[in-house]
Structure formats: C-alpha cells, structure tokens
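Just so you know, these numbers use all the heavy atoms, side chains as well, and skip hydrogens, waters and symmetry mates. All of these numbers come straight from a predicted model, not from anything done at the bench.
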Amino acid sequence: MRILCKGKKPYLFFLFLKVALVINGQDTAAVQTKEVDAYDVIRNIFGVKQPVNPKPKRTTLSILPTFSYNPSFGFIIGASLTGGRQLGDPANTEYSTVSMFGSYSTKGMITFSFKHNIFLPGNKWNLQGSWQISRYGLVDYGIGTGNPQYITKGFTLNAYSTKNSDSSFPMVYNYTRLAEKVYKKIGRHLYAGAGVKFDIYRDITDEKQTSTFNTPHQRYSWSHGFDPSKYSANGLIIAVQYNTRDHPIRPFNGFYADLAFQFNQEWMGSTKNAVQLQYDLRKYWSIGKKNPEHVIAIWHLGSYKLSGELPYLEMPSTASDVEGRSGRGYTFSRFKGPSFAYFETEWRFPITRNKLISGVCFLNFQSASDDLNTKVFEAWEPGAGIGLRILFQKQNKTTLCVDLAKGKYGAQGLFFGLGETF
C-alpha cells in the first residue's frame with residue numbers, strides 16, 4: 001500500500017480503494033463472489049487483462065516496504081518479504097513459508113533476518129529456523145511489569161517510538177542469531193523435535209550510562225555476573241508440537257501448540273548455564289455459518305526461567321516471539337523479565353464480499369517478573385486496538401496488516417505487517 005502512495009502520485013492510493021469498492025459492488029448476493037486480492041486491483045488500475053484460468057503458482061512472494069523513526073537510531077527504512085511453496089500433496093502436507101527482513105537506519109544500524117517453516121511431503125519432517133545478523137537498537141524500560149514511572153512518549157511506528165522519554169534507556173549492540181529446530185512426525189498431528197540456538201550479543205552500548213549513573217542493563221548485568229558489553233546465550237532445545245490448523249498463514253480453524261525446553265550450556269559458548277520452559281499456544285474458531293472468515297483467535301505465549309541466569313537482552317519480552325508481532329500497542333522489548341507470559345485474543349471479520357478487505361479487533365495482556373520481588377502474573381499490562389487486512393496474495397492467503405493500537409503509560413502506535421499476527 002505504501003508503494004502506491006510513494007512519489008508524486010498519492011491519488012493512486014485513493015484510486016486503489018475506489019477500484020476495490022467498484023469490484024466489490026459488482027458482486028451480488030445471488031452469485032458466489034470471486035476472490036480478489038491487491039494484485040487484481042492493481043491490474044484493474046493499469047488496465048492489465050486478468051489471466052484466464054491461471055495455473056496456480058507453486059511459489060508465491062509478497063513484499064512490504066517499512067519505515068520508522070527514533071531519535072537514537074535515526075530514520076529506519078526496510079522491507080519484509082514473505083514467500084510460500086507447496087512441497088507435497090496439499091491433502092497431507094502443510095504449506096511451507098519463508099520470510100526475510102532487511103533494514104537500514106541513517107545512524108548506521110543495519111539488520112538482516114531470514115526465517116523458515118518448511119514441511120516436507122507428507123509432513124514427515126518439519127524444519128523451523130531463524131537467522132539474524134544486526135547492528136541493532138532498542139529503547140529499554142527496565143525489567144518487570146507494573147512500573148508506572150516508566151512513561152512512553154511519542155507515537156510508535158512499528159518497533160520504535162518517535163520520542164524517547166526521560167525514563168527510557170536506549171541501547172545499541174551487535175546481534176547474531178542462529179536457531180534451528182527439526183521435528184519428526186510421530187502421530188497424525190503430533191511431532192517431536194530437537195534443535196540448537198545461538199544468541200550472541202557484542203559491543204553493547206548504553207546511551208545513558210555515565211560514571212555517576214548506571215542503567216537497568218548495567219545494574220542487572222553486574223549483579224548477575226555478566227559483562228555488560230558482551231555475552232551469549234547458546235543452548236540445546238528439545239520440543240514437541242501439535243498442529244491441526246487448516247492453514248499456517250491465515251487459519252480459520254484448528255489448534256497449534258509448541259512446547260520446548262531450552263538448556264543454555266557454557267560448553268556451547270553460553271556465558272552462563274540456564275534452563276527455560278517455553279511454549280506457544282494458538283486456537284482458532286470459525287464462527288460464521290455462511291462465511292468462515294468470521295474467526296475468534298486466541299494466543300498464549302509463555303517463557304519461564306527454571307534455573308540458572310539469563311543475560312539482560314536474552315530475557316523474553318514484548319515482541320520477542322519468532323515473528324516479532326506480540327504486544328501491539330507497545331515498542332519492541334517494552335516489558336521483559338526472567339519469566340514472561342502473554343495473552344491475546346482477536347476477532348477477525350470480513351468487510352467486502354470479494355474478500356479483499358477485512359478487519360480485526362484485538363486485546364492483549366502481558367506480565368513479567370523482575371529480579372527482585374515481583375513474580376510473573378502479579379502485574380499485567382494491557383493493549384488493545386483495531387486493524388484492517390488487505391488480501392495481498394490470495395494463493396497463499398497473505399494479508400497486508402495495518403493496526404492502530406494503544407497501551408498504558410502513553411503507549412500508542414501504528415503497526416504494519418505481512419500475514420496475520422498469529
């Protein structure tokens with residue numbers, strides 16, 4: 001959508017909406033509506049003929065430019081690329097997906113990430129991975145939830161707030177991640193797996209650290225035996241997964257559960273040993289008798305430290321899920337702790353009969369422990385909002401997501417993405 005607004009022709013955006021509504025208005029209740037996506041609308045705008053009985057593409061790609069701004073990191077521009085491919089019989093093989101993201105800021109930060117969720121024919125094997133290399137930045141607000149003294153300023157665009165409050169602590173660091181899990185199918189919907197994860201943090205700089213003032217990151221690192229300028233969290237993973245979703249990108253029905261134990265090990269290069277319990281639970285109900293796109297979706301994430309010590313930047317936090325989409329309403333890493341829990345529910349509903357435009361309403365809650373007396377589940381931070389979905393690629397059901405969300409302590413913002421949030 002930003003592509004159509006770029007340059008000296010912003011009227012193309014309004015033309016896009018007008019054509020979309022005209023296409024939708026041509027449908028009648030008596031005739032089954034033809035599904036329309038953004039590419040169909042663009043072809044109508046420029047007078048390109050629609051393909052007659054087009055063959056389904058084996059590989060599909062969608063791209064979304066992104067931008068944001070923060071005083072500490074400058075203007076940040078980037079792009080997300082999402083792709084998919086059917087590697088086996090659709091009757092017994094899940095749709096495989098890959099995504100890439102790259103960004104660059106005017107103050108020298110650069111990021112590249114690659115993620116994949118691959119299902120081999122018959123779902124016999126499932127390969128999940130996340131790779132990233134970055135000169136990265138975040139605006140920190142300390143550990144735990146229920147701290148009203150930490151006020152957010154400025155409107156948030158994606159991960160960053162346009163202003164830094166006096167109670168925030170900007171950080172910049174080099175970050176390398178290599179995470180891979182391999183699952184073997186052991187039942188109709190059940191998988192068992194194992195993997196490795198390397199999270200390496202180097203050249204960590206606290207913008208507000210001085211000889212007379214220590215930031216939350218510095219205080220935590222010293223008190224828990226970490227070098228504030230560098231550390232690693234490398235470990236082994238054992239996991240089990242249960243999956244009955246009808247589609248991995250835009251499910252209408254089904255249940256997804258992933259339960260894992262991560263064992264950070266010093267012999268693998270981890271700064272300290274630690275054991276974590278992590279899980280990801282998602283449930284979907286289609287509640288529309290005539291239209292399955294009326295969906296209630298529920299998401300629960302949990303990560304709990306069972307033993308050992310975690311580095312500050314490795315603690316689970318807002319938007320630390322694999323796709324970085326949790327906690328809309330707040331900036332990346334706004335809340336964090338050794339143990340962290342997150343709940344979200346969405347109501348998804350169609351707006352146009354041709355399925356081009358739909359909407360969501362959502363409500364989320366997150367809770368984190370601190371390194372003192374507050375336990376997880378003792379203090380909750382809510383967020384809520386509404387959003388639009390534009391069907392970007394109908395073959396793989398990718399949607400362009402635009403969400404307006406609000407949280408506590410002055411937090412509010414606009415969040416973009418490709419594919420449903422969960």
Side-chain angles (χ1 to χ4, degrees), residues 68 80 99 101 103 111 113-115 117 128-134 136-145 156 158-161 168-169 171-173 175-179 181 195 197-201 204 216-217 220 231-235 237 239 258-262 264 270 274-282 299-306 309-344 364-371 376 380-381 383 405 407 411 413 415 417 421-422:
S68 55
S80 297
S99 64
F101 175 76
S103 69
T111 293
S113 67
F114 173 78
K115 300 167 186 175
N117 188 11
Q128 297 182 12
S130 177
W131 310 343
Q132 183 172 334
I133 183 167
S134 306
Y136 212 51
L138 65 83
V139 179
D140 183 48
Y141 287 87
I143 305 175
T145 45
T156 296
N158 291 317
Y160 297 108
S161 178
S168 66
F169 307 96
M171 303 171 62
V172 178
Y173 53 94
Y175 176 51
T176 302
R177 162 174 282 192
L178 172 60
K181 290 189 290 184
K197 183 180 178 183
F198 295 86
D199 282 341
I200 302 169
Y201 304 85
I204 305 170
H217 170 250
Y220 176 92
Y231 39 70
S232 299
N234 307 336
I237 300 170
D258 189 284
L259 175 69
F261 287 91
Q262 180 171 326
N264 292 346
S270 185
V275 179
Q276 292 172 277
L277 167 63
Q278 304 165 336
Y279 58 78
D280 184 340
L281 308 176
R282 310 179 186 198
W299 187 18
H300 174 36
L301 292 171
S303 182
Y304 309 97
K305 187 189 78 170
L306 303 182
E309 298 288 352
L310 295 175
Y312 192 88
L313 291 173
E314 184 67 10
M315 287 187 285
S317 64
T318 307
S320 66
D321 58 286
V322 174
E323 298 298 334
R325 304 286 292 276
S326 61
R328 283 170 293 174
Y330 298 97
T331 58
F332 168 69
S333 196
R334 176 61 173 86
F335 304 107
K336 67 175 67 64
S339 293
F340 185 86
Y342 179 78
F343 294 86
E344 179 163 353
N364 59 57
F365 296 90
Q366 49 194 313
S367 176
S369 62
D370 59 24
D371 59 337
V376 67
W380 294 92
E381 306 294 2
F415 300 82
T421 303
F422 64 96

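When all heavy atoms of Ser130 and Arg177 are compared, the pair lying nearest together is O-CG, 3.5 Å. When every heavy atom of Tyr304 is checked against every heavy atom of Ala341, the shortest pair comes out as OH-CB, 3.8 Å. For the residue pair Pro216 and Gly142, the shortest heavy atom distance occurs at CB-CA, 3.9 Å. Between Pro311 and Tyr220 the shortest heavy-atom distance is C-CE2, 4.1 Å. Closest of all the heavy-atom pairs between Gln366 and Gly327 is NE2-CA, 4.0 Å. Considering all non-hydrogen atoms of both residues, Ala260 and Ala239 come closest at CB-CB, 3.8 Å.
From Ser68, atom OG reaches atom CZ of Phe332 across 12.5 Å, with rounding to the nearest 0.5 Å. To the nearest 0.5 Å, atoms CD (Glu314) and NZ (Lys336) are separated by 12.5 Å. The NZ atom of Lys181 sits 6.0 Å away from the CD1 atom of Ile237 when rounded to the nearest 0.5 Å. Taking CG of Asn234 as the start and CG of Leu178 as the end, the distance is 9.5 Å to the nearest 0.5 Å. Considering CE of Met315 and CG of Asp371, their distance stands at 7.0 Å, rounded to 0.5 Å. For the atom pair CG (Asn264) and NZ (Lys197), the distance works out to 8.0 Å, reported to the nearest 0.5 Å.
Counting heavy atoms from C-beta outward, Leu306 and Phe261 have side chains that approach closer than 4.5 Å. By the 4.5 Å heavy-atom criterion applied to side chains, Ile143 and Tyr312 are counted as neighbours. Residues Val322 and Gln128 fail the side-chain proximity criterion, which asks for heavy atoms closer than 4.5 Å. The shortest side-chain heavy-atom distance between Lys305 and Ser369 does not fall under the 4.5 Å cut-off. Taking the side chain as every heavy atom from C-beta outward, Phe422 and Asp280 never approach each other to under 4.5 Å. Between Tyr175 and Asp199, the closest side-chain pair of non-hydrogen atoms falls below 4.5 Å. Using a 4.5 Å cut-off on side-chain heavy atoms (C-beta onward), Tyr279 and His300 make contact. Met171 places a side-chain heavy atom less than 4.5 Å from the side chain of Leu313.
Judged by distance alone, with hydrogens and angles left aside, the side-chain atoms of Thr111 form no donor-acceptor pair with the main-chain N or O of Ser134 at under 3.5 Å. In this structure, Asn364 contributes its side chain and Gly383 its backbone to a donor-acceptor pair below 3.5 Å. For Ser232 (side chain) and Ser270 (main-chain N/O), no donor-acceptor pair under 3.5 Å exists by modelled atom type.
Qualifying side chain to side chain contact (heavy atoms under 4.5 Å, CB included) partners for Phe365, counting only residues two or more places apart in sequence or in other chains: Leu363, Trp380, Pro382.
Classified by interplanar angle (parallel below 30°, tilted 30° to 60°, perpendicular above 60°), the ring pair Phe335/Tyr330 is perpendicular. The aromatic rings of Tyr136 and Tyr173 sit perpendicular, their planes meeting at an angle over 60°, well past the 30° parallel limit.
More than 12 heavy-atom neighbours from other residues, nucleotides or ligands sit within 6.0 angstrom of CD1 on Ile200.
The residue from Thr421, Asp321, Thr318 that alone fulfils the side chain to side chain donor-acceptor pair (under 3.5 Å) condition with Ser326 is Asp321.
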Check step by step if side-chain contact (heavy atoms from CB on, under 4.5 Å) holds for Leu259 and Leu281.
CA-CA 9 Å; Leu259 175 69; Leu281 308 176; over 6 Å; no
